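Predicted model, so just to flag it, every value in this text is computed and none were measured. Naming convention: chains lettered A, B, ... in sequence-line order (proteins, then strands); numbering from 1 in each chain.
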Protein chains: 2
Amino acid sequence: MSALTSRLRGHTRKITGPRQAILGILRRHPHPLTNKEIFAALPRGRCDLATIYRSMHLLEEMGMVKRFDFGDGAARFELVGEDDDGHHHHLVCMRCAEVVEIEECSIRELEEQIAARNGFATVTHKLEFFGICPRCQR
Amino acid sequence: MSALTSRLRGHTRKITGPRQAILGILRRHPHPLTNKEIFAALPRGRCDLATIYRSMHLLEEMGMVKRFDFGDGAARFELVGEDDDGHHHHLVCMRCAEVVEIEECSIRELEEQIAARNGFATVTHKLEFFGICPRCQR
DNA sequence: TTTGTTTTTGCAAATCATTTGCAATGAGAA
DNA sequence: TTCTCATTGCAAATGATTTGCAAAAACAAA
């Protein structure tokens, strides 16, 4: 919690109940959660859905959570550890949405390994690169 | 067009004006397009936006277009060649949304190569695996 | 601990992408 | 040419996410 405290203070931000509660939920859920899931996990009426959306933006900017997009239209978030940079991949079941964290980071050749190792079938992957193009760098 | 014709016929589907027009736009745009962009590229009033959404679903099911998700909330589509399976990656500028097609399929080590080769800066990548989990396979 | 200032929150309304109901229209088989 | 079923346009419905605004909460300073 000290990490949150100092980081928030450094941004002229306040340590509010909703924010602590959200971090709490994230801390005890090692899987990516949607804003709605976080909302549901919070004690009833603990805070508004809009507040969760706003908090996630803030925490993301501060680098405390990582945003994931599984392509189903809802963003998902995971807490980033003190040390790690939060970079890892996910193996998502297209039927029940079960999520398995994948530590390694290679590809293609890994598809088979990942499929076999986890017993998943018809595994595919989606990959996009992001950056700043030459024109925009000027 | 013969490919479209035969494929559509094989699915008890009709060859309509909107569908031909959409394929036409896709054919002359080698980059992923959003439904809205396709709509805008179509001669005014050529067809409804809803029809484009419906057509893209159909074409995707038929394997004639590939759907891409750059995480900005809008799906993008590209025509899949007769032969190729449409598998390739994209390098997207986070500022102007310029898109560069990346042929190779490896990762991480490639990030630097891709960044250098295209003059892009701060390149990152997003990757997710999809499949059917053991429980769902039963 | 009281006050003053600034950030946050709740709530409701607004956006945006995408989907859907339904009656009218069009494509293709007979 | 006719008949039937797929398809379309249009408008309304969804679902995720954002935003305006006044009230409430944090916190620094007194």
Side-chain angles (χ1 to χ4, degrees), chain A residues 1-2 4-25 32-62 64-77 97, chain B residues 1-2 4-25 32-62 64-77 97:
Chain A
M1 196 54 71
S2 57
L4 166 63
T5 303
S6 55
R7 291 220 223 182
L8 280 175
R9 293 234 160 89
H11 286 253
T12 321
R13 286 289 154 58
K14 298 177 178 178
I15 300 166
T16 66
R19 288 176 186 169
Q20 296 184 61
I22 291 173
L23 267 299
I25 298 294
L33 297 177
T34 61
N35 285 308
K36 198 168 279 183
E37 290 172 330
I38 293 173
F39 181 61
L42 244 25
R44 54 268 163 302
R46 188 70 188 67
C47 89
D48 193 84
L49 223 201
T51 295
I52 295 180
Y53 274 96
R54 285 188 276 232
S55 295
M56 299 323 288
H57 277 301
L58 174 65
L59 294 173
E60 187 183 12
E61 272 173 30
M62 292 172 57
M64 297 189 68
V65 302
K66 194 96 178 179
R67 173 190 298 263
F68 290 103
D69 177 6
F70 292 166
D72 67 346
R76 287 182 169 67
F77 303 87
Chain B
M1 196 53 70
S2 57
L4 165 64
T5 303
S6 55
R7 292 220 223 182
L8 280 175
R9 293 230 162 93
H11 285 253
T12 322
R13 286 289 153 58
K14 297 175 179 179
I15 300 166
T16 67
R19 287 175 186 170
Q20 296 184 60
I22 291 172
L23 267 298
I25 298 294
L33 297 177
T34 62
N35 286 307
K36 198 167 279 181
E37 291 173 329
I38 294 173
F39 182 61
L42 244 28
R44 56 268 164 294
R46 188 71 189 65
C47 89
D48 193 84
L49 222 203
T51 296
I52 295 180
Y53 274 96
R54 284 188 276 233
S55 294
M56 299 323 287
H57 277 301
L58 174 65
L59 294 173
E60 187 183 13
E61 271 174 31
M62 292 172 56
M64 298 189 68
V65 301
K66 194 97 177 176
R67 173 190 299 263
F68 289 103
D69 177 7
F70 292 166
D72 68 346
R76 287 181 169 67
F77 303 87

Validation row: [X], [Y] side chains within 4.5 angstrom (heavy atoms):
X       : Y       : result
B/Arg19 : B/Arg54 : no
A/Met56 : A/Ile22 : yes
A/Ile52 : A/Leu42 : yes

Q. Closer to the 5' end of DNA chain C via nearest nucleotide, is it B/Arg54 or B/Thr16?
A.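 Whichever sits nearer the 5' end wins; that is B/Arg54.
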Q | Comparing B/Lys36 and B/Ala50 on DNA chain C - which has the more 5′ nearest nucleotide | A | B/Lys36
Measure [atom1]/[X] against [atom2]/[N] and give the value in whole Å, please.
X       : N      : atom1 : atom2 : answer
A/Glu37 : D/dG15 : CD    : C1'   : 15 Å
A/Arg13 : D/dA28 : CZ    : C1'   : 17 Å
B/Met56 : C/dT18 : CE    : P     : 11 Å
A/Phe39 : D/dG15 : CZ    : P     : 16 Å
B/Asn35 : C/dT20 : CG    : P     : 14 Å
A/Asp48 : D/dA23 : CG    : P     : 17 Å
B/Glu61 : D/dT7  : CD    : P     : 11 Å
B/Leu49 : C/dA17 : CG    : P     : 9 Å

Which pair of non-hydrogen atoms, one from [X] and one from [Y], has the smallest distance, and what is that distance?
X       : Y       : value
B/Ile25 : B/Ala41 : CD1-O, 3.6 Å
B/Phe39 : B/Asp48 : CE1-C, 4.1 Å
A/Met64 : A/Leu23 : CE-CD1, 4.4 Å
A/Asn35 : A/Tyr53 : ND2-CE2, 3.1 Å

**Q.** Per A/Lys14 side chain, nearest of listed nucleotides D/dT8, C/dT6, C/dT9
**A.** C/dT6
Q. Is there a donor and acceptor pair, one atom on the side chain of B/Arg46 and one on the base of D/dG9, closer than 3.5 Å?
A. no
Q. Looking at CG of A/Leu59 and CZ of A/Phe77, how far apart are the two atoms once the value is rounded to the nearest 0.5 Å?
A.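 If we round to the nearest 0.5 Å, A/Leu59:CG and A/Phe77:CZ are 9.0 Å apart.
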Q) Atom CD in A/Gln20, atom OG in A/Ser55: separation rounded to 0.5 Å? A)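 A/Gln20 atom CD to A/Ser55 atom OG measures 11.0 Å (nearest 0.5 Å).
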Q) Does B/His57 have a side-chain nitrogen or oxygen under 4.0 Å from the phosphate oxygens OP1 or OP2 of C/dT18? A)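 It does not, given that no N or O in the side chain of B/His57 lies less than 4.0 Å from OP1 or OP2 of C/dT18.
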Q: Taking only the side-chain nitrogens and oxygens of A/Tyr53, find out if one of them lies under 4.0 Å from OP1 or OP2 of D/dT18.
A: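 No, A/Tyr53 has no side-chain N/O under 4.0 Å of OP1/OP2 on D/dT18.
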Q. The helix from C/dT1-D/dA30 to C/dA30-D/dT1: angle between its terminal axes, five pairs each, to 10°?
A. 30°
**Q.** Selection: residues 65-75 of chain A, any non-hydrogen atom under 4.0 Å of DNA chain C
**A.** none
